[in-house]
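Reviewing the structure listed below.
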Amino acid sequence: MAQINLKPGEPLEAALKRFKKVLQQDGVLKTARTHEFYEKPSDKRRKAEAARKRKIRQANEEK
């Protein structure tokens, strides 16, 4: 669970910005988005394979 402690005299906007940064670093938002809708196992495999191929292609283009 991500949490922050408010500093004395800290504006709410600054605390909210720090909290959002902590959430992003912990990967909470990314996990929530992946669990937002059900994805069939075959679709997960297809998506992972496409990402793997894209990564390989990018690595070859950099050389």
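No experiment lies behind these values; they were computed from the predicted model shown.
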Determine whether Arg57 and Glu61 make a side-chain contact, defined as any pair of heavy atoms from C-beta on separated by less than 4.5 Å.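 Arg57 reaches Glu61 side chain to side chain.
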Identify, with sequence neighbours excluded, every residue that meets side chain to side chain donor-acceptor pair (under 3.5 Å) alongside Arg52.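 Here the qualifying residues are Glu49.
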Tell me the salt bridge (Lys or Arg N to Asp or Glu O under 4.0 Å) pairs involving residues 38-48, sequence neighbours left out?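 Checked against salt bridge (Lys or Arg N to Asp or Glu O under 4.0 Å) - neighbours excluded - the pairs reaching residues 38-48 are Asp43-Arg46.
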If you look at every heavy atom in Ala15 and Leu6, which pair is closest and at what distance?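 Residues Ala15 and Leu6, closest heavy atoms: CB-CD2, 3.2 Å.
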Under 4.5 Å side-chain heavy-atom separation, chaining through any Ile, Leu, Val, Met, Phe, Trp or Tyr, what else clusters with Leu12? Say none if it is isolated.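 Direct or chained contacts put Leu12 with none.
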Can you list every pair that meets side-chain hydrogen bond (donor to acceptor under 3.5 Å, both in side chains) and has a residue in residues 3-13, with sequence neighbours left out?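 Passing the test, one end in residues 3-13: Glu10-Arg18.
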Which pairs of donor and acceptor atoms, one on a side chain in residues 25-38, lie under 3.5 Å apart (sequence neighbours left out)?
from, atom 1, to, atom 2, distance (Å)
Thr31, OG1, Gly27, O, 2.8
Thr34, OG1, Thr31, O, 2.7

